[in-house]
Q: 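I am attaching a structure below and will ask some questions about it afterwards.
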There are 2 protein chains.
Amino acid sequence: MKSPSGEIPQYLLIKAQLQDRIARGALKSGDKLPSERELCALFNTTRVTIRESLAQLEAGGLIWRADRRGWFVSPDRLWLDPTQNTNFHKLCQEQGRTPKTVLLEGRVAPVPVEVMTPLALQPFDQIYLLTRLRYADDRAICYCENHCLPARVPDLLGHDLNGSLTEVYQRYYDLVYTSMHLSFWPTAMPAQAAAALGVMEGRPALMLRRLNYDQHGRILDFDIEYWRHDSLRIEVDTH
Amino acid sequence: MKSPSGEIPQYLLIKAQLQDRIARGALKSGDKLPSERELCALFNTTRVTIRESLAQLEAGGLIWRADRRGWFVSPDRLWLDPTQNTNFHKLCQEQGRTPKTVLLEGRVAPVPVEVMTPLALQPFDQIYLLTRLRYADDRAICYCENHCLPARVPDLLGHDLNGSLTEVYQRYYDLVYTSMHLSFWPTAMPAQAAAALGVMEGRPALMLRRLNYDQHGRILDFDIEYWRHDSLRIEVDTH
DNA sequence: CAGTGGTCTAGACCACCCA
DNA sequence: GGGTGGTCTAGACCACTGC
C-alpha cells in the first residue's frame, strides 16, 4: 500500500498514532514498545517505514532505544540552570530522581588539543582526565570528561571520585566553583560516549562544555559532557 | 558487499570519509554534496545505506538538506549568549553574517494554552501573535512566534515588524527587555516551523522559549523559537 | 534457541526542481 | 523532461538478548 500522491506519508501517520498513545498514557514512561516486527504487522508495513517513524519519535525525545533491546518511552527531562552552581546530585534529588555517578577512568594524560586553549596550557602539559558516567534512576544519561589542573588539585586521583567533584574540591582543596563559561549545542554522539551510555554512535546528543573558575578567579577545570538528547532541559533565569 | 561480522558498519565508514572531506576543506561551507545516486555509485552501495550516513552527518550538524534539492555543507553556527540582551540583527553583524527578519503573519489571537500560564493570562484573553522567520546570509535558520501583550504594546500591528522587535518596543513604547526566563531543549521540528524553514517535519531542531520582562519587572511577552539544529551554539558566561 | 534490533540489498514509483 | 530527493516494498543475514 503506497502513500498516494499529495497525502501525508505513512511514517508520519504511524508516528502520530504512537505519539497519541504516549500522550494519552496508554504507553507510559519506561514502557517498552512492541517489537519492530510486531509494529510492522500492526500497521501493515515494512521495517524501513516503521523505523522512520521511530527515528522521528526518538529525535523528538519521546522514545529512546536501548541497543538491541528495543524502544522505550522516555522519562521526563531533568532540568538544569547552568548559571546556578548546583551539582548533579542535588539537582536530581530536588527533582525526585535517584542520582548516581560512576568513575569509568581516572588518569594523568597530555592535554587534548581542544582543551588546551581554554585551559591556557601548552601542548605537552599534563592534566588529570576523569571519565565519568551519570545516572538518573539507573538510566545512564550523561557521559562526562573532566580535565583538571594538577596545579590546583594535586593528588586528585587519590580521592573517591564516584560522587560529587564539587564536594571533593571543597573538602580537600578548599576550592569552590564560582563562575564559569559554558557553551553547548546539539551534536552527534561520539563513539566513546555512545558506548558508555549504551546508545548508538552518531545519534543526536546534547554537548555541553564548561570552563570553571574558582573563588579566586583562577581557571579550575574544563568539562565536556554528552547528554542523551532526550534527558535534559536547560533553564536560565537572568533575574 | 556485506559488512562482515564484528566490523564497523559501512555507513559509518562512508560517514567518516565524507566527514574527512569536509574537515580537510575539500567540501566547503555551502557546497552541495553529490546526489545520493552518485554517492551510491562512488561507495558501491544502496541509497538506504547512503542515507543513513547522511542522516548521521545531519544529526551532527555538518550537513543539512534543502527539501528535494539535495545536501549541503552547513555554515558555521551562530552563537548567542542568552543572558546578554542583544538582538538578532546585532548578533549577526558582530559575527559577519547578514541578518534578515521577515514577518510571516501578525494577528490578534486567543492565547495558546501552553503560553497562558507563563504570561499569567486567562483562557480567553487575547494576544498579538507574530510569526516571523529569521535569516542569516539568506538561509532561513529560525522560526519564531512572539506572543505579545496588548496591554503593553497597544496597536503593535500598526508598526513595521520586519526588523528588530526590540527596537519597536523601545522606540514606540519605551519598553526595554531587561530580564528573562529562558528554557530550551532539543526537539523535533513541528510541521508549521518545518514548512517555513524549508526543512522536513520531524527532523531534529532546537527549541527555545523565552519569557521576557521589561525595565519595570513586568511580563512583556513570550517567544517560542525553533532553530535549525545546526545553526546555533549557546554561550553563557556567569562572570 | 527463538526473537530482537542492526545492517544491507535491489529494486520501485512519486512529486518536485531545474535546465 | 531528466534527474533529484522522498517514500516504500520485500526480502536477507548477522550478533546479540533474554528466556
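Every chain is numbered from 1 and lettered A, B, ... according to where its sequence line falls, protein lines coming before strand lines. Only this structure's heavy atoms are used, side chains among them; waters, hydrogens and symmetry mates stay out.
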Q: Is any side-chain nitrogen or oxygen of B:T49 closer than 4.0 Å to OP1 or OP2 of C:dT9?
A: yes

Q: Between the two ends of the helix from C:dC1-D:dG18 to C:dC18-D:dG1, what is the bend in degrees, rounded to 10 degrees, where each end axis spans five pairs?
A: 10°

Q: Measure the distance from CG on B:L54 to P on C:dC8 and round it to the nearest whole Å.
A: 14 Å

Q: May I have the distance from A:I14 (atom CD1) to D:dT7 (atom P), rounded to whole angstrom?
A: 12 Å

Q: Salt bridge between B:K100 and B:D138, side-chain N to carboxylate O under 4.0 Å?
A: yes

Q: Using atom CG of B:N44 as one end and atom P of C:dT9 as the other, report the distance to the nearest whole Å.
A: 8 Å

Q: C:dG5 C1' sits how many Å from A:R203 CZ, rounded?
A: 13 Å

Q: For a quick test of reading the model: is some side-chain N or O of B:Q10 closer than 4.0 Å to OP1 or OP2 of C:dT9?
A: yes

Q: Can you tell whether the side chains of B:R139 and B:D230 come within less than 4.0 Å, N to carboxylate O?
A: yes

Q: Quick one: A:I8 CD1 to D:dG6 P, roughly how many Å, whole number?
A: 18 Å

Q: Residues in ring-ring contact (aromatic ring centres under 6.0 Å, His included) with A:F72, at least two apart?
A: A:W64

Q: Can you name the side-chain hydrogen bond (donor to acceptor under 3.5 Å, both in side chains) partners of B:R47, sequence neighbours left out?
A: B:E36

Q: Would you mind reading off the distance between A:E52 atom CD and D:dT9 atom P, rounded to a whole angstrom?
A: 12 Å

Q: A:D221 and A:N146: side-chain donor and acceptor closer than 3.5 Å?
A: no

Q: How would you list, by chain and number, every residue that makes a side-chain hydrogen bond (donor to acceptor under 3.5 Å, both in side chains) with B:R77, sequence neighbours excluded?
A: none

Q: Would you kindly give the CZ-to-P distance between A:F43 and D:dA10, to the nearest whole Å?
A: 18 Å

Q: Below 4.0 angstrom from OP1 or OP2 of D:dT9, is there any side-chain N or O of A:T45?
A: yes

Q: Given the side-chain rings of B:Y226 and B:F184, with only the six-membered ring counted for Trp, is the space between their centroids under 6.0 Å?
A: no

Q: I'd like a list of close polar pairs between nucleotides 1-5 of chain D and the protein, N/O only, cut-off under 3.5 Å.
A:
unit_1: D:dT4; atom_1: OP1; unit_2: B:S35; atom_2: OG; d: 3.3
unit_1: D:dG5; atom_1: OP2; unit_2: B:E36; atom_2: N; d: 2.8
unit_1: D:dG5; atom_1: N7; unit_2: B:R37; atom_2: NH1; d: 2.7
unit_1: D:dG5; atom_1: O6; unit_2: B:R37; atom_2: NH2; d: 3.2

Q: Are any of B:Y11's side-chain N or O atoms less than 4.0 Å away from OP1 or OP2 of C:dT7?
A: yes

Q: Give every residue pair that meets the salt bridge (Lys or Arg N to Asp or Glu O under 4.0 Å) criterion with at least one member in residues 12-34 of chain B, sequence neighbours excluded.
A: B:D20-B:R24

Q: May I ask you to decide whether A:R203 forms a salt bridge with A:E201, counting only side-chain N to carboxylate O separations under 4.0 Å?
A: no

